[in-house]
Enquirer: 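Here it is, the structure in full.
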Amino acid sequence: AMAGKATKARRRRAAGPYDRPAGGSMEVDQGAGSTSGRPLSAHAAKVAARKALQREVRDAKLARRKAKGGSKKETKAAKKALSRQIKQAQDQRASLKAQPPSQPAEAQAFTFDLGEVRPVELDPAFRQAAT
């Protein structure tokens, strides 16, 4: 009886083709596009830039929370500087998000031309059969 249960558990653990990777988080790394040898697409580059700004904001917020200094005045000044940095990074991220997606240059320049279009002539035998 135990062998059957063990095989079922092993089957459940087997990675399916659509399962998430074992790494856990789905963050886009900066080097994600360089592994394939191709440059990042415009969309992927925009996403990577937004994620980098998001990490910067998260790190600055943590630094602001942990800020300690000699005097109260120095600590407050350090926290204000970090707050300005956070606000600037958030504004940059919002402007990146608001930009419309860029179109590839070849897609804008594409035109379709049929050339000279002539009417199709019907076969006389077919025309007699249809009437």
Side-chain angles (χ1 to χ4, degrees):
M2 290 297 270
K5 288 182 180 178
T7 55
K8 283 181 184 177
R10 199 175 309 122
R11 249 186 261 132
R12 253 185 273 128
R13 274 196 313 264
Y18 301 111
D19 287 350
R20 288 184 175 203
S25 70
M26 300 295 285
E27 281 191 21
V28 176
D29 293 331
Q30 288 180 348
S34 62
T35 57
S36 64
R38 296 186 314 182
L40 286 175
S41 68
H43 174 72
K46 194 171 156 182
V47 168
R50 280 202 334 257
K51 289 290 182 183
L53 286 168
Q54 193 176 30
R55 280 192 298 273
E56 184 182 325
V57 167
R58 188 178 58 226
D59 295 343
K61 282 184 177 181
L62 180 66
R64 183 179 62 186
R65 208 167 38 243
K66 302 285 183 183
K68 291 191 168 115
S71 70
K72 187 175 180 181
K73 213 175 206 181
E74 289 171 1
T75 307
K76 193 171 185 180
K79 284 187 175 186
K80 279 191 172 189
L82 285 167
S83 293
R84 279 193 299 273
Q85 183 183 348
I86 291 168
K87 180 70 175 141
Q88 183 183 15
Q90 285 174 335
D91 291 345
Q92 281 180 338
R93 187 164 181 263
S95 70
L96 275 176
K97 222 173 186 179
Q99 287 176 358
S102 60
Q103 296 294 323
E106 64 269 3
Q108 293 172 347
F110 179 75
T111 58
F112 187 75
D113 185 21
L114 287 174
E116 185 182 336
V117 180
R118 292 176 294 179
V120 178
E121 305 231 358
L122 291 177
D123 187 21
F126 177 76
R127 188 177 298 152
Q128 288 174 357
T131 55

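All values derive from a computational prediction rather than experimental measurement. Heavy-atom basis, side chains included; hydrogens, waters and symmetry copies ignored.
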Enquirer: I would like to know whether Leu62 and Arg65 meet side-chain contact (heavy atoms from CB on, under 4.5 Å); could you show each step before the answer?
Expert: CA-CA 5 Å; Leu62 180 66; Arg65 208 167 38 243; 3.4 Å; yes

Enquirer: Side-chain heavy atoms under 4.5 Å apart, restricted to Ile/Leu/Val/Met/Phe/Trp/Tyr: what other residues fall into the cluster of Leu53, or is it alone?
Expert: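 Answer for Leu53: Leu96.
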
Enquirer: For Asp91, which residues count as a salt bridge (Lys or Arg N to Asp or Glu O under 4.0 Å) partner, sequence neighbours excluded?
Expert: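 Here the qualifying residues are Lys87.
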
Enquirer: Taking all atoms of both residues into account, what is the closest heavy-atom pair of Ile86 and Ala60, and its distance?
Expert: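 Looks like CG1-CB, 3.5 Å.
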
Enquirer: Nearest 0.5 Å, please: how far is CD in Glu56 from CD in Gln92?
Expert: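 The CD atom of Gln92 sits 7.0 Å away from the CD atom of Glu56.
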
Enquirer: Hey, could you give me each pair passing side chain to side chain donor-acceptor pair (under 3.5 Å) that has a residue in residues 71-85? Not counting sequence neighbours.
Expert: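 Only Arg64-Ser83 qualify under side chain to side chain donor-acceptor pair (under 3.5 Å).
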
Enquirer: Output the distance between atom CD (Gln88) and atom CZ (Arg93), rounded to the nearest 0.5 Å.
Expert: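 Gln88 atom CD to Arg93 atom CZ measures 15.0 Å (nearest 0.5 Å).
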
Enquirer: Could you tell me the separation between the CD atom of Gln90 and the OG atom of Ser95, rounded to the nearest 0.5 Å?
Expert: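 One finds 12.0 Å between CD of Gln90 and OG of Ser95.
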
